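This one's a predicted model, so the numbers in the text were calculated from it and none came from an experiment. Sequence lines set the chain letters: A, B, ... in the order given, protein chains first and strands last, and positions in each chain run from 1.
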Amino acid sequence: MSENTNTNSVNSFQKKRNKDEMKKQLISFALMIGFTIIAFTLVATKAMDKMFIIPVILLLAIIQVAFQFYYFMHMKDKDHEFPSMMIYGGVWAAVLTVATLLTIAWW
Amino acid sequence: MKGMGKTKALFLLSFLAIVLAGCGKENLTALVPKGTGAETSMNLILLSTLVMVFVFVVVIVVYVIALVRFRKKKGQENYIPKQVEGNKTLETIWTVIPIILVLILAVPTVAATFELADMSKSGDGVNIEVTGNQYWWHFNYKGEEIQTSQDLYIPTGEKVYLNMISSDVIHSLWIPSISGKMDVNPENVNKMYIEAKEEGVYWGKCAELCGPSHSLMDFKVVAVSPEEFDKWVSDMQDVDPKAQPQDAVAQEGKDLFEEKSCMGCHAIGSSPAAVGPNLTDFGNRSKIAGFLEPNEENLVKWIMDPESIKPGNKMTGNYPAVSEEEAKKISAYLMQLKPSDITPESAGK
Amino acid sequence: MSIAATQKRGFGAFLWDYLTTVDHKKIAHLYLFGGGFFFLLGGIEALFIRIQLIKPENDFLSAGLYNEMITMHGTTMIFLAAMPLFLGLMNAIMPLQIGARDVAFPFLNSLGFWLFMFGGILLNCSWFLGGAPDAGWTSYAPLSIQSPGHGVDFYTLGLQISGAGTLMGGINFLVTIVTMRAPGMTYMRMPLFTWTTFVTSVLILFAFPALTVGLFLLMFDRMFDSAFFDVALGGNTVIWQHLFWIFGHPEVYILILPAFGLFSDIFSTFSKKRLFGYTAMVFATILIAFLGFMVWAHHMFTVGLGPVANSIFAIATMAIAVPTGIKIFNWLATMWGGSITINSAMLWALGFIPSFTIGGMTGVMLASAVADYQYHDTYFVVAHFHYVIVGGSVFGILAGIHYWYPKMFGRILHEGMGKAAFWIFLIGFNLTFFIQHFLGLMGMPRRYWVFLEDQGLDTGNLISTIGAFLMGVAVIILLINIIYTAVKGEKAPADPWDGRTLEWAIPSPPPFYNFKQTPLTRGLDPLWIEKTEGKGKMTPAEPLGDIHMPDGSILPFIMSLGFFVAGFGFIYQVDHSAWLLAVFAGIGTALICMLIRSLKDYHGYHIKKEDLEREAD
Amino acid sequence: MSHDHSLSPEVMPQEPEKATLEGKNKFFGLWFFLGGETVLFASFFGTYLALRNSTAGGPTSTDLFGLELVFIMTMLLLTSSLTSVYAMYHMKNNDFKKMQLWLAITAFLGMGFLGCEIYEFAHYIHEFGFTFRSSAFGSAFYTLVGFHGGHVVFGLSWLIALMVRNAKRGLNLYNAPKYYTFSLYWHFIDVVWVFIFTVVYLMGKVG
Ligand code: HEA
Ligand code: HEA
Ligand SMILES: [Cu+2]
């Protein structure tokens with residue numbers, strides 16, 4: 001069966017598109033690493049007040065995750081309407097859940 | 001359609017039964033409110049019932065007309081009705097009217113919710129620490145050095161603030177004719193206020209499943225006039241736990257009470273030992289174990305074998321066996337613990 | 001449906017066929033049978049409850065046993081009866097309604113069923129092994145943590161296993177609807193039952209994980225001494241309540257939305273009219289599901305969350321009355337101007353409207369937070385939810401069974417018995433539950449093993465018990481009807497009700513490949529369109545060709561058995577560590593099955609075009 | 001079946017993972033499953049957030065957490081996400097060998113991550129006596145992070161099974177969806193970790 005696996009069966013146009021795609025993914029990876037480093041440095045050096053650090057690192061996390069979903073997992077591509085609907089549905093339920101349970105800590 | 005008539009008849013019958021039974025037992029039913037909280041709830045119950053009756057009538061009228069007019073008639077077997085897609089105007093109407101009805105209900109609900117949660121004046125009123133236990137209630141009058149169990153004495157016409165916590169599982173305190181319920185949680189103090197409008201003895205219940213004897217975790221609220229309440233407070237404060245019982249049998253009972261290590265759990269006087277109910281005013285209690293008539297027979301039964309009365313209670317097995325003879329003596333001792341003339345019987349009479 | 005199984009005969013072959021089937025129609029039979037069995041069980045438990053409450057201070061059941069009875073009644077009815085019965089109907093009908101030959105994941109479908117079944121059996125084994133769970137179907141901590149014996153352990157593991165099955169079912173339906181609709185079957189042409197299957201599956205997908213987590217925490221606390229609900233170590237019992245109700249409220253819509261869907265189909269079929277306001281019906285369903293996730297704290301008004309939370313949740317809850325009202329009025333408008341046939345399927349649907357309206361209205365009354373301080377945890381709530389669950393979901397299941405019985409089993413249920421059962425049930429139902437509204441307000445909390453004498457509660461409870469027995473009689477009539485029909489029922493034609501949707505375009509019962517040729521859908525109610533504007537039958541969307549079918553497999557059964565054994569292991573390893581062997585053996589079996597499944601190629605088989613041609617139309 | 005040409009076409013389509021109905025089903029199925037997983041982890045996160053200060057006198061998050069190890073773990077897992085992207089890139093180019101290679105790297109990074117996690121847990125238990133049973137905080141911490149770890153273990157087993165099974169037969173339309181769904185799952189594990197290192201470790205360190 002392996003003889004069927006013919007590298008040349010992918011045409012050059014597709015190859016180029018794949019390459020472009022890969023470039024975007026590399027950029028998003030670089031940004032993700034960057035964000036992670038920023039977040040860790042902020043906490044390690046205690047550069048800011050607690051009240052600022054927490055929202056900032058949460059924001060960094062959310063952007064990173066958006067990169068994962070939209071670039072690594074291709075949620076930006078067409079044909080992903082249902083996946084994104086379901087993920088956003090999950091996020092909606094997730095936000096409600098986390099928000100409620102958080103209030104317990106302040107009770 | 002014959003069956004329809006039958007349902008109606010049965011409906012009517014059951015309705016009649018309800019009317020005959022009235023609204024339930026006075027001072028227990030939520031339908032005859034005698035306190036602020038219960039009244040606020042009752043107003044909302046009435047308002048919402050009104051709205052619902054209106055909605056139901058509309059639905060049923062349309063339903064019955066549709067069924068009567070549009071049933072397939074003889075000779076119409078092949079009739080094909082017009083295939084209507086919808087109707088914007090109609091659909092808007094039955095979207096907007098429910099929205100309005102919901103708003104009519106929502107506004108007073110929110111107002112009442114905030115009103116009943118207002119604890120800003122709690123500093124001025126009577127404050128009581130309530131502890132829920134499997135399967136009894138404990139009341140600690142803050143600052144007054146008074147402890148009672150099962151019977152909660154309150155003055156009428158005043159807001160009484162309850163600060164409630166549970167020593168084991170979740171309970172829920174409910175005095176239907178005085179006030180709606182609130183949970184009694186193990187991890188945080190819940191606050192509510194109750195206010196009785198008239199003197200009387202009101203039934204209280206546990207409303208959150210808390211184990212086998214959940215349904216027997218009753219208590220009473222004894223609402224007395226403010227003057228009587230003050231008298232009761234000072235009487236209770238004057239209790240001397242060391243006082244000699246009135247007669248010899250009771251004295252023997254008192255000795256047995258110590259000997260059988262009842263003291264280990266039950267306090268007499270204001271010490272806050274709370275493994276078992278405080279027995280300071282036991283002779284005045286409206287009920288034994290929360291729901292039995294306060295007589296010797298019941299008390300003896302309880303002392304000898306509480307398991308047969310309240311399954312799963314925490315007293316069973318925690319004291320040496322007691323013979324009937326001994327139980328009678330202990331009972332004599334407990335029954336004469338009457339520190340005050342203000343009693344459930346005197347309340348409201 | 002392997003070739004071998006069709007050739008062999010006899011009970012062994014029959015059994016093997018069902019154990020290994022991946023055919024959605026047979027899995028539907030299994031679900032209906034399993035769910036039906038648990039419904040009878042839950043019903044018998046309900047009768048025990050009602051016997052205990054027939055008179056004050058009754059001692060028919062002991063206190064502990066009573067708590068086990070209500071817990072198992074609630075749990076069984078919700079998780080093991082109502083939901084599986086709906087999953088059964090969905091399995092039987094939804095693929096037919098969208099013109100599909102199968103579901104997306106036939107293997108998972110079977111696995112889902114067997115997990116549910118073994119989970120249910122595990123839970124019920126507790127009766128024979130030292131006592132059932134007794135902390136209520138809501139299993140509030142810390143009562144559930146302190147509950148002695150293994151009852152609550154059975155609850156956590158039984159529900160965990162059956163919950164996993166349900167989740168698989170949900171994902172399976174979602175994917176089926178997304179990828180496997182026949183040509184022309186756009187989203188806005190799907191029958192309402194398919195739509196509600198879709199939305200219900202979304203609810204399952206988002207609601208069940210919260211329960212999964214809750215059950216894990218409970219299990220860890222009980223078995224491995226963690227401290228989630230141990231107040232002394234900083235635990236917090238309200239977390240359980242939140243997790244349970246984040247799941248629990250969507251769960252009640254999981255129980256009602258499929259009923260809404262099938263009632264929509266039934267009303268339009270038996271009124272001979274297109275569903276009034278189709279678009280509004282679809283959006284109302286979605287809106288109900290959406291709002292359904294924002295209201296859970298209405299079960300917690302008395303927990304002490306504070307006036308802000310109570311107000312928000314009160315308003316959000318009341319808002320659900322609006323989309324539900326849209327539905328009620330659209331159903332009425334569907335009948336209006338129609339040509340209404342009343343048979344037993346339609347009777348259940350007609351009975352539903354007033355019953356559910358009452359239940360819904362008391363729901364809105366409960367949503368008024370301050371009024372709920374009085375209603376909460378009383379028989380008023382019991383009355384509310386039985387009006388919506390019995391008057392909505394159970395009526396829905398029964399309507400669906402009567403409506404689709406010909407399609408599923410090839411025979412028509414007896415009309416006379418069907419009608420008798422309906423009327424007796426309706427009367428019994430109202431007798432049982434209407435009076436409970438008043439009992440609640442008169443001071444009767446729920447989950448009360450006994451009520452005391454001289455509290456004005458005697459008459460009401462007696463009436464209620466009588467009603468419950470009438471429901472029992474009706475259920476027995478239904479059973480007789482089913483047996484009678486199986487023996488000498490009338491054979492059903494393909495389209496006994498003059499139907500409108502695709503399931504009526506194929507024979508009753510359908511061949512195992514459903515559609516010989518995938519049908520072309522030209523609009524809403526495709527069969528009806530063909531009847532009035534076309535040839536009277538569906539136009540094929542493809543030439544006759546080979547049909548690809550999945551292989552049957554015993555792995556789902558073995559895998560579920562593995563989890564079942566592991567469940568026992570978990571429960572008893574607390575007593576003796578030798579039970580850990582059962583854990584390892586069980587999980588190991590399941591993992592090996594998984595491995596086999598992923599290593600072996602499953603390409604299925606083809607039904608040859610020639611064979612199809614030979615078969616009569 | 002191995003001669004079924006519809007599964008091993010002469011020209012691989014651009015999206016081999018979605019070229020067959022089975023592939024499409026797997027693709028949507030896994031995505032929807034991830035929607036459910038979002039709620040699952042949200043419930044664990046919520047529980048953790050509610051209990052993170054309930055230390056019952058035991059060690060607190062500031063006492064425990066060190067950033068160096070967590071940083072290394074983060075880098076390992078983030079990189080493994082990228083390597084699985086590379087693998088999918090080669091799948092689209094129909095270059096099976098390179099795909100397997102990148103997946104192998106992914107697996108190694110994943111194992112590295114797991115190793116660190118096991119070391120970390122052992123460290124807390126031995127150095128601080130901080131266990132699952134110490135406090136509500138302990139229970140919540142180990143449960144949240146442990147469930148994520150469990151997902152990593154499951155992902156690794158899945159990956160290895162896939163790689164071994166298909167090593168000899170190359171890419172076809174039957175196994176392409178399996179590889180692709182694995183990669184989605186693996187990314188999701190990374191997503192969860194991003195929130196874990198932010199919410200548990202960084203916020204825990206800040207106090
Ligand atoms: C099938 C199941 C089902 C359904 C559909 C519902 C539907 C609703 N439920 Fe119910 N509910 C349960 C099952 C269900 N419930 C269960 C099992 C419990 C108890 C759990 C336990 O504690 O064990 C419960 C408990 C429960 C409570 C908590 C009570 C308490 O414990 O104190 C509340 C409170 O708000 C509530 C509200 C509602 C509302 C507002 C709706 C709405 O969706 C109803 C909407 C419908 C209508 C309103 C009727 C039709 C509308 C019109 C005709 C339009 C016009 C109407 C108006 C303007 C009012 N329910
Ligand atoms: C789908 C859900 C569902 C259904 C259908 C029902 C159906 C019924 N329930 Fe339900 N009930 C719940 C869900 C449901 N219940 C839940 C969730 C609770 C809360 C539990 C808790 O508090 O934790 C509850 C609690 C509950 C209580 C309150 C207990 C208490 O708080 O103390 C009562 C009391 O009357 C009751 C009665 C009934 C009755 C009479 C029926 C009837 O409709 C049943 C009708 C069916 C039958 C009568 C079957 C008859 C069977 C036969 C005759 C067998 C024939 C047998 C063979 C041939 C083998 N139920
Ligand atoms: Cu609800």
From [X] atom [atom1] to [Y] atom [atom2], the distance as rounded to the nearest 0.5 Å:
X        : Y        : atom1 : atom2 : value
D:Ser43  : C:His242 : OG    : NE2   : 12.0 Å
D:Leu21  : C:Arg101 : CG    : CZ    : 11.5 Å
D:Phe154 : C:Leu591 : CZ    : CG    : 8.0 Å
C:Asn236 : D:Ser54  : CG    : OG    : 7.0 Å

May I ask you to decide if [Y]'s main-chain N or O and [X]'s side chain share a donor-acceptor pair within less than 3.5 Å?
X        : Y        : value
D:Arg133 : C:Phe224 : yes
D:Ser139 : C:Ser226 : no
D:Arg165 : C:Leu599 : yes

For [X] against [Y], the heavy-atom pair lying closest together:
X        : Y       : answer
C:Val175 : D:Phe32 : CG2-CD1, 3.9 Å
C:Pro209 : D:Leu40 : CB-N, 3.6 Å
C:Ala210 : D:Val39 : N-CG1, 4.4 Å
C:Met180 : D:Asn25 : SD-ND2, 4.0 Å
C:Thr179 : D:Phe28 : CG2-CD1, 3.4 Å
C:Phe228 : D:Thr47 : CD2-CG2, 3.9 Å

Residue selection (most heavy-atom pairs with chain D, distance under 4.5 Å) from C:Leu211, C:Thr212, C:Asn172, C:Leu174:
C:Leu174

Heavy atoms only, distances under 4.5 angstrom: which of C:Gly234, C:Ser598, C:Gly235 has the most pairs with chain D? Name it, please.
C:Gly234

Side chain, backbone, both or neither of [X] within contact of chain C (heavy atoms, under 4.5 Å):
X        : value
D:Phe147 : side chain
D:Ser135 : both
D:Ser134 : backbone

Aromatic rings D:Phe132 and C:Phe220: how do their planes relate, parallel, tilted or perpendicular, breaks at 30° and 60°?
perpendicular

Residue [X] excluded, over 12 heavy atoms near [atom1] under 6.0 Å:
X        : atom1 : answer
D:Lys18  : NZ    : yes
C:Tyr187 : OH    : yes
D:Lys97  : NZ    : no

Below 4.5 Å, heavy-atom pairs only: which of D:Thr55, D:Thr143, D:Thr131 has the largest tally toward chain C?
D:Thr143

Under 4.5 Å from any heavy atom of chain D - which part of C:Asp225
both

Which bit of C:Phe105 is near chain D, if near means a heavy-atom gap under 4.5 Å: side chain, backbone, both or neither?
side chain

Measuring only between side-chain heavy atoms, which start at C-beta, is D:Leu51 closer than 4.5 Å to C:Ile239?
yes

